[in-house]
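Okay, structure first, notes after.
Note that this is a predicted model, so its numbers are computed, not measured. We count ligands from 1, going down the list as the structure has it; atoms in each ligand are counted the same way.
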Amino acid sequence: CPLGPALLFVKVGRGEEEGRRFYACSASRDRKDCNFFQWEDEKVSEARLAAREEYNRSHQPSFTHTQNVERYKNFVLLPLSKRRFCQECQQLLLPAEWEKHSSHQFLCGISTAQLRSPSQLLYPLENKKTNAQYLFADRSCRFLLDLVMSLGFKRVLSIGTPRLHEVIQSKASQEDDFGVRSLLLDIDFRYSQFYTEDEFCHYNMFNHYFFGGEAARETCRKFLHQDKGEGVIMVTDPPFGGLVEALASSFKKLMAMWKDTEEEGRNNQEVPMFWIFPYFFESRILEFFPTFSMLDYQVDYDNHALYKHGKTGRRQSPVRIFTNLSPGMIVLPAEEGYRFCAICQRYVSSGNQHCEICNSCTSKDGRQWKHCVLCKKCVKPSWFHCNKCNCCALEDHTCEKTDAGCFVCGKTGHKRSACPSLS
Ligand code: SAH
Ligand code: ZN
Ligand code: ZN
Ligand code: ZN
Ligand code: ZN
């Protein structure tokens, strides 16, 4: 489809065991955005293949990356008064193109500072299922950059992190002694207007597809291999609706790209990585990357009302950093309440208490969790042990077995709070 190779899925009907396999768009779960569909064993006629190719061609961006780089060079030569950005087409305009966009809304006097922060100029693509562009709040972006620098990294492969990329590139262009560089891999082609082929690759992280072909792949490979592959870290913040399995497979391929050097002894090493994702995906991520651990740091976003940090009276963010670096190395800001647990040897959030029985700081969501002796683990503070389900759950959950009884004794007719056995 226009977004590169499709992925193989399986549709399992009720009561069926095997299910039927089919190909669908790797990046879009919404048929409205991409309706590519093909049964695995389906024979596709020549005519349909040709139509498909034609369709894919017609869904390519109107300018190539190379053309956009050329246009940018001309754009920056213009005096401020002639620098326009069409908001409808999300495109920098050259004077010859004004006419064509005359009925569109546009911004004037685009400054160098604005060109250095395209993520502020472009509107975020919030389409939940496909792009889900949620930009880091300054607090989190600065934290990530400080972290990368304090750990001594020199190159950041920014996979779906345009704001981190732009902060790095912008500093690099203004401060002579700023030693960090970034390469952005993102599906949002609008960024090709602001970055050269060495700074941005149009990339799909669900199928490891480089839209720019072999040349773009080579750019990425070279970036990973600079300085004998030393000093590079991968940072990614994929859309949360994304399939963990597909993402993990792409990240492994990027890691393999890095391993594939003449340097000896890379075989057992992994590229250091920060994978930013909600905490409830922990077990899924660990399934694919057993060496990873989840940090307590809450990642904050600008344009996402729900995913903001708890400290300033706003809601807590469920988004965390997963990494293959040793968590003890990663210092979380004390001014935001994080503290070091000497037993766990890692920084934890203020509400995360060390549980003597689990022998670990067990909270995942920043609130203080409580230990359940029956479950033999810590659970959310709002949960109670349900004797019917034989595990902890919200008090008003629907039991797996019918007619919910008391959480304590399991009998029907009263709730936990009125259980006679409690008194
Ligand atoms: N917090 C980040 C942005 C994360 S939003 C920041 O501030 O830099 C998710 C990003 O992933 C967006 O930039 C979006 O364009 C990109 N993205 C979404 N689907 C993608 C895909 N299939 N392949 C590559 N990038 C994708
Ligand atoms: Zn602890
Ligand atoms: Zn415990
Ligand atoms: Zn329990
Ligand atoms: Zn129950």
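Looking only at side-chain heavy atoms (C-beta outward), Phe289 and Glu270 come within less than 4.5 Å of each other. Here the side chains of Met273 and Phe292 are in contact, with some heavy-atom distance below 4.5 Å.
Looking at ligand 1, you'll find an N or O of Met205 within less than 3.5 Å of one of its N or O atoms. The shortest N/O to N/O separation between Tyr301 and ligand 1 does not fall below 3.5 Å. Checking only distances, Pro162 does come within under 3.5 Å of ligand 1, N or O to N or O. For ligand 1, the polar-atom distance check finds an N/O of Phe136 within less than 3.5 Å of one of the ligand's N/O atoms.
The nearest N, O or S atom of Cys392 is closer to the Zn ion (ligand 4) than 2.8 Å. The distance from the Zn ion (ligand 4) to the nearest N/O/S atom of His385 is under 2.8 Å. Metal site remark for the Zn ion (ligand 2): Cys355 contributes no N, O or S atom at a distance under 2.8 Å.
Looking at Ile276, Asp302, Asp237, Ile187, it is Ile187 that brings a heavy atom closest to atom 25 (N) of ligand 1.
With hydrogens and angles disregarded, a donor-acceptor distance shorter than 3.5 Å links the side chain of Asn352 to the backbone of Ser363. In this structure, the side chain of Ser140 does not engage the main chain of Ala137 through any donor-acceptor pair within 3.5 Å.
Here the N, O or S atom of His354 that is nearest to the Zn ion (ligand 2) is ND1.
Atom CZ of Arg339 has more than 12 neighbouring heavy atoms from other residues, nucleotides or ligands inside a 6.0 Å radius. By the 6.0 Å contact criterion, CD on Gln105 is open, its count of non-hydrogen atoms from other residues, nucleotides or ligands being 12 or less.
Proximity of Leu164 to ligand 1, defined as any heavy-atom pair under 4.0 Å, is confined to the backbone N, CA, C and O atoms.
Around the Zn ion (ligand 4), the two atoms SG of Cys375 and SG of Cys372 are separated by an angle of 110°, to 10 degrees.
Counted by atom type alone, Arg48 and Gln38 present zero donor-acceptor pairs between their side chains at under 3.5 Å.
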